Number of protein chains: 2
Amino acid sequence: MSSIREVARIAGVSIATVSRALSTPDKVSKAALEKVQAAIAKVNYRPNMMARNFRAVRSYSIVVLVPNIANLFFSTVIRGIEDAAQQAGYAVLLGDTRDSVKREKDYVNLVETRQSDGVLQLRPHIPGVSLEPNPHIPMVNACGCENTPYASVRIDNAGAAQAVMEYLIGQGHTRIGVIAGKADNPHTIDRYKGYMQALEAAGIPFDKNLVVYGDFTLRSGVVAASHFARMKERPSAIFSMNDEMAIGAIQGLRTAGIRVPEDMSITGFDDIEFARYSDPALTTVAQPAEELGKTAFQSLLTLIEGRELQNSEIVLPYEFVVRKSTPNRR
Amino acid sequence: MSSIREVARIAGVSIATVSRALSTPDKVSKAALEKVQAAIAKVNYRPNMMARNFRAVRSYSIVVLVPNIANLFFSTVIRGIEDAAQQAGYAVLLGDTRDSVKREKDYVNLVETRQSDGVLQLRPHIPGVSLEPNPHIPMVNACGCENTPYASVRIDNAGAAQAVMEYLIGQGHTRIGVIAGKADNPHTIDRYKGYMQALEAAGIPFDKNLVVYGDFTLRSGVVAASHFARMKERPSAIFSMNDEMAIGAIQGLRTAGIRVPEDMSITGFDDIEFARYSDPALTTVAQPAEELGKTAFQSLLTLIEGRELQNSEIVLPYEFVVRKSTPNRR
DNA sequence: CTGTTAGCGCGTTCAA
DNA sequence: TTGAACGCGCTAACAG
């Protein structure tokens with residue numbers, strides 16, 4: 001309720017002096033400073049940040065666009081974002097878009113109307129579907145893929161997928177199923193690329209019946225598993241494009257009487273917390289989720305502050321984690 | 001970049017007319033309206049929301065305080081919040097507090113400095129530790145417990161725990177272990193109360209060795225399981241105070257060679273997505289997570305708008321879901 | 001129906 | 001070192 005004006009009145013100084021006492025105390029005499037501080041304490045003054053930000057033409061907030069906040073990988077990335085933002089004095093606005101471009105637009109609108117300074121996109125860019133980057137809107141993708149048409153931070157999805165496949169192939173598998181995300185999802189595309197490259201390098205013929213498309217949810221993993229269970233010529237291993245689907249698949253396989261890893265090996269992607277505690281513990285690719293978020297925030301901050309972005313595409317290292325869903329051979 | 005003034009200049013009207021054309025078009029003549037719309041389109045004018053909000057002394061944003069965004073129950077509650085907020089024209093600021101009261105204060109500070117209009121607290125209130133409610137700050141707890149000293153939305157935790165226990169006791173169990181949260185956590189306290197009431201009602205003596213305190217994480221469930229596994233006189237059933245710990249416990253038990261549910265029954269709490277896909281599928285208490293969030297937002301909005309809050313404590317129904325981690329007896 | 005004007009709270013000139 | 005005055009973009013009160 002109390003404004004800078006009231007503080008000035010009580011302290012017996014001008015509002016400019018109060019303002020200076022707050023932002024540049026060294027430019028104020030000791031006597032004045034003390035009077036101001038006393039007055040501030042007396043009326044319990046809190047500066048009105050809305051006024052300050054309005055004046056500064058900065059909202060000191062960013063919005064993060066996430067397809068589903070109740071997804072463990074995404075929420076971990078957001079933890080990293082929140083942590084970095086908080087330290088930089090930025091608030092983070094949550095935009096749970098549920099894969100709706102309309103909702104994305106509504107949220108991007110926040111920066112167009114100056115309620116927010118920039119956007120961190122967690123959904124990979126789908127050409128022709130996703131919002132195109134706007135030069136007036138600072139934007140960074142925190143879970144990018146190859147060919148993102150704006151700044152991004154990511155891992156080498158294709159390379160990681162290929163590494164997983166090489167491991168599986170090294171264990172003697174030649175019929176390897178894939179549980180993919182939606183066909184047009186760039187994560188699907190990049191990881192699929194790694195799958196194909198590994199097959200080709202090993203001289204294993206491609207069989208399209210071994211590819212099942214899900215949507216990164218537990219349920220779709222179960223569905224995919226039942227597909228594989230019904231096949232005449234089953235794969236001996238499955239490469240799932242995320243952990244949720246892998247965990248769902250293990251359940252689905254078990255229901256069908258197929259044991260993991262004895263009858264079938266299975267690998268995941270992301271290394272969410274549950275991967276370690278599934279039964280069997282999941283062999284997977286660990287993404288540096290929090291790091292992805294922190295790094296993306298730094299890039300966005302650079303853009304917001306109008307500084308030059310050195311690296312418009314940052315590729316962070318991943319780690320391949322072998323656990324129990326692939327047998328301990330060799 | 002373009003302001004209302006420029007639009008007025010181009011349209012050849014006053015800024016007041018532009019303002020009215022935007023907020024109350026009926027109070028503007030057709031001719032003027034068209035001129036304004038043409039000018040708006042021409043310069044691609046977007047109203048500056050920061051200025052508008054500043055003028056309205058409303059930020060149209062709320063902050064949600066959550067101990068850990070990467071917790072499936074919390075993130076689902078947040079989905080509900082976000083959905084309701086978006087519809088009401090409010091933005092939601094994310095405050096991942098990591099159980100730190102200092103961070104909570106930093107975020108509450110946002111409403112004291114008018115960057116936010118109110119707070120939705122997801123962490124239950126711990127007397128003497130949590131922030132005390134401040135009459136100047138609209139605040140609602142979205143995952144409340146009994147005796148929350150400010151507005152809250154919750155389920156009957158004690159009743160739900162008691163219902164679980166009665167089910168277990170009805171199946172013939174007399175030695176029932178508990179995996180609790182931290183001892184001072186109100187969710188722990190309320191659910192523990194239900195545990196004790198059920199024991200007492202059934203005339204089963206209390207054994208403190210059967211109570212293990214965790215922290216609602218998967219890992220702590222594993223640790224608790226190993227405790228039970230090492231006991232001379234093991235319980236025949238375990239009541240876990242959330243699903244994560246139950247799932248961790250199942251893993252820990254399996255490692256120790258104890259089968260669920262053949263050797264030991266186990267129940268969870270929350271009904272997160274994974275509960276259905278764990279092995280065995282978890283018998284648990286389904287909380288209406290999204291509903292909790294939506295309802296809490298409505299209460300908060302009432303407070304923010306200065307209207308009378310009819311129900312300062314709303315208790316939503318829960319559902320007891322029997323799956324496979326308790327055998328299908330009787 | 002329309003235009004002029006004041007003022008929201010703050011930071012920042014510019015003089016003194 | 002200090003204070004008076006201006007203006008950020010907008011809405012509301014008032015006068016026409």
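In the text below, chain A, chain B and the rest are named by the order of the sequence lines, each starting its count at 1. Since the model is a prediction, treat every value here as computed from it, not as a measurement.
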Item to check | Side-chain heavy-atom pair L94(B), V66(B) within 4.5 angstrom cut-off | outcome: yes

Checklist entry - Can you tell if the side chain of L301(A) reaches within under 4.5 Å of the side chain of Q298(A), non-hydrogen atoms only? => result yes

Nearest whole angstrom, please: distance from the [atom2] of [N] to the [atom1] of [X].
{"X": "E6(B)", "N": "dC8(D)", "atom1": "CD", "atom2": "C1'", "result": "15 Å"}
{"X": "N53(B)", "N": "dC8(D)", "atom1": "CG", "atom2": "P", "result": "19 Å"}
{"X": "R9(A)", "N": "dG3(D)", "atom1": "CZ", "atom2": "P", "result": "15 Å"}
{"X": "K30(B)", "N": "dT2(C)", "atom1": "NZ", "atom2": "P", "result": "12 Å"}
{"X": "E34(A)", "N": "dT1(D)", "atom1": "CD", "atom2": "P", "result": "15 Å"}

Have a look at [X] and say if it touches a base, only the backbone sugar-phosphate, or nothing, with a 4.0 Å heavy-atom cut-off.
{"X": "A56(B)", "value": "nothing"}
{"X": "V28(A)", "value": "sugar-phosphate"}
{"X": "V13(A)", "value": "sugar-phosphate"}

Checklist entry - Within less than 4.0 Å of OP1 or OP2 of dT2(D), is there a side-chain N or O belonging to T17(A)? => result no

Checklist entry - So does D184(A) have more than 12 non-hydrogen atoms from other groups sitting under 6.0 Å from CG? => result yes

Only pairs under 3.5 Å count here: list side-chain donor-acceptor contacts from residues 126-142 of chain B, not counting sequence neighbours, and write none if there are none.
from: S130(B); atom 1: OG; to: I126(B); atom 2: N; distance (Å): 2.8
from: N134(B); atom 1: OD1; to: H136(B); atom 2: N; distance (Å): 2.7
from: N141(B); atom 1: OD1; to: C143(B); atom 2: N; distance (Å): 2.9
from: N141(B); atom 1: OD1; to: G144(B); atom 2: N; distance (Å): 3.1
from: N141(B); atom 1: ND2; to: R123(B); atom 2: O; distance (Å): 2.9
from: N141(B); atom 1: ND2; to: Y150(B); atom 2: OH; distance (Å): 3.1

Checklist entry - Looking at A151(B) and L309(B), what are the two nearest heavy atoms and their distance? => result CB-CD2, 3.6 Å

Checklist outcome for this item: When F54(B) and S29(B) are each assigned the nearest nucleotide of DNA chain C, the 5'-most assignment goes to S29(B)

Item to check | N53(B) vs R114(B), side-chain hydrogen bond (donor to acceptor under 3.5 Å, both in side chains): CA-CA, chis, key distance, verdict | outcome: CA-CA 10 Å; N53(B) 292 347; R114(B) 285 102 177 175; over 6 Å; no

Checklist entry - Along nucleotides 10-16 of chain D, 5' to 3', which nucleotides get a B, which get an S, and which get a -, given that the test is a protein heavy-atom distance under 4.0 Å? => result BBBB---

